[in-house]
Amino acid sequence: GASATLQYNRTVAYTAAVEWITPFVATGGVSIIKTGVITANAIKSFNPTSPLNIGSGATLANGGFAISGGSTLNVVNTGTLLLSGTSVFPVFTTTTLATTSTVNYNGTAQTVAVKNYGILLLSGSGNKTFTGATTIAGDLGISGTAVALLPNATSSSSGSLTLGGVLQTALGSYGGTGSSATNPNATWFGSSTTGILNVITACISGTWLGITSTDWNTATNWCGGNIPTSLSDVTIGVTSNQPIIGAVGGTCRNITILA
């Protein structure tokens with residue numbers, strides 16, 4: 001019907017087929033609501049009144065195809081949008097990206113749209129060219145052989161920065177070797193542009209830094225000087241001082257160990 005919703009309620013990966021018609025005209029739009037990755041099989045257009053919703057824990061991969069034309073693109077917390085090939089960000093009238101949502105430009109050379117991102121990942125290969133100053137509430141992660149090119153004379157910001165899987169702990173700004181950044185890096189930011197990235201926090205609470213020693217229960221070894229509690233999600237990165245839990249013991253809720 002005119003107000004119908006196409007809902008993907010799958011826990012296994014699936015490539016969209018004839019059920020996702022284009023243009024999609026029903027005002028209920030398309031919703032991805034479970035953990036199975038849904039991959040577009042062709043260019044997808046929407047009626048101007050039709051939304052696209054990516055739910056918690058859900059992932060939509062565009063398959064390298066353009067997605068455009070709808071009313072609202074909404075990616076909630078822990079939802080993920082994967083953009084592959086040379087594809088660009090979907091063009092909708094309104095875009096809402098929650099603070100722990102993820103957008104991953106995981107193709108080759110791509111243009112990075114100016115949006116208020118939650119978590120922004122640049123993976124795959126090639127230059128990821130920003131079109132203007134960009135705000136990233138959470139982490140900017142760059143991996144593979146991707147290079148972030150920040151436009152000349154612009155200042156972007158992110159909550160944290162991960163380069164090649166390693167959380168950066170140095171304070172200050174980052175950018176290419178042609179910029180005035182306090183932490184210039186040609187590998188991840190190139191050398192041809194002058195834009196900078198200001199990292200709002202040098203690390204995320206619960207991150208092991210190992211600055212002082214190997215003692216789990218020494219506050220200065222942790223981001224923000226906060227020893228983890230039973231409510232803390234802990235990340236142990238690649239550091240020279242790896243944590244040792246002594247007789248006092250240590251607690252956390254979840255722990256991630258980066259190789």
Side-chain angles (χ1 to χ4, degrees), residues 75 80-91 95 97-211 222-225 235 237-240 258-259:
V75 187
T80 299
L81 174 63
L82 299 178
L83 304 173
S84 59
T86 59
S87 61
V88 298
F89 194 91
V91 179
T95 298
L97 303 173
T99 54
T100 61
S101 67
T102 298
V103 175
N104 186 349
Y105 291 84
N106 67 337
T108 54
Q110 291 175 284
T111 299
V112 179
V114 176
K115 301 291 179 183
N116 290 321
Y117 293 96
I119 298 167
L120 176 60
L121 303 180
L122 309 177
S123 60
S125 62
N127 292 336
K128 312 295 184 180
T129 303
F130 287 65
T131 55
T134 300
T135 300
I136 305 156
D139 191 53
L140 170 60
I142 312 174
S143 62
T145 57
V147 177
L149 297 182
L150 305 172
N152 292 336
T154 62
S155 294
S156 297
S157 64
S158 69
S160 58
L161 177 64
T162 301
L163 302 176
V166 179
L167 181 69
Q168 303 302 293
T169 58
L171 297 173
S173 58
Y174 290 76
T177 52
S179 73
S180 60
T182 52
N183 300 288
N185 188 311
T187 300
W188 300 111
F189 293 98
S191 59
S192 61
T193 61
T194 63
I196 63 172
L197 174 75
N198 293 304
V199 179
I200 298 171
T201 57
C203 57
I204 300 171
S205 181
T207 300
W208 170 265
L209 302 179
I211 294 173
W222 295 98
C223 175
T235 299
V238 180
T239 64
S240 56
L258 304 177

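All residue numbers in this chain count up from 1 along the given sequence.
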Q) Tell me, which pairs form a side chain to side chain donor-acceptor pair (under 3.5 Å) where one or both residues lie in residues 132-147, sequence neighbours left out? A)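 Only D139-S160, D139-T162 qualify under side chain to side chain donor-acceptor pair (under 3.5 Å).
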**Q.** Pairs touching residues 185-196 that satisfy side chain to side chain donor-acceptor pair (under 3.5 Å), sequence neighbours left out
**A.** N152-T194
Between atom [atom1] of [X] and atom [atom2] of [Y], what is the distance when rounded to the nearest 0.5 Å?
{"X": "T111", "Y": "N127", "atom1": "OG1", "atom2": "CG", "answer": "10.0 Å"}
{"X": "L122", "Y": "L83", "atom1": "CG", "atom2": "CG", "answer": "10.5 Å"}
{"X": "L163", "Y": "Y174", "atom1": "CG", "atom2": "OH", "answer": "7.0 Å"}
{"X": "L82", "Y": "L121", "atom1": "CG", "atom2": "CG", "answer": "9.0 Å"}
{"X": "S158", "Y": "I200", "atom1": "OG", "atom2": "CD1", "answer": "6.5 Å"}

Q.
Consider side chain to side chain contact (heavy atoms under 4.5 Å, CB included). Of L197, V114, T154, V112, which one does F130 pass it with?
A. V112
Donor-acceptor pair, [X] side chain versus [Y] backbone, under 3.5 Å?
{"X": "T86", "Y": "A109", "result": "no"}
{"X": "S155", "Y": "I196", "result": "no"}
{"X": "Q168", "Y": "V199", "result": "no"}

Any side-chain heavy atom of [X] sitting closer than 4.5 Å to one from [Y]?
{"X": "L258", "Y": "W208", "answer": "no"}
{"X": "V75", "Y": "V103", "answer": "no"}
{"X": "T207", "Y": "L209", "answer": "yes"}
{"X": "P90", "Y": "L81", "answer": "yes"}

Q. So, N104 and T80: side-chain donor and acceptor under 3.5 Å apart, yes or no?
A. no
Minimum heavy-atom distance between [X] and [Y], given as atom pair plus value:
{"X": "I142", "Y": "A146", "value": "CG2-O, 3.5 Å"}
{"X": "T108", "Y": "K128", "value": "O-NZ, 2.7 Å"}
{"X": "S156", "Y": "L150", "value": "OG-CD2, 4.5 Å"}
{"X": "G118", "Y": "I136", "value": "O-CG2, 3.4 Å"}
{"X": "G175", "Y": "A181", "value": "N-CB, 3.4 Å"}

Q: Just jot down the side chain to side chain contact (heavy atoms under 4.5 Å, CB included) partners of A113, sequence neighbours excluded, or say none.
A: F89, Y105, K115, Y117
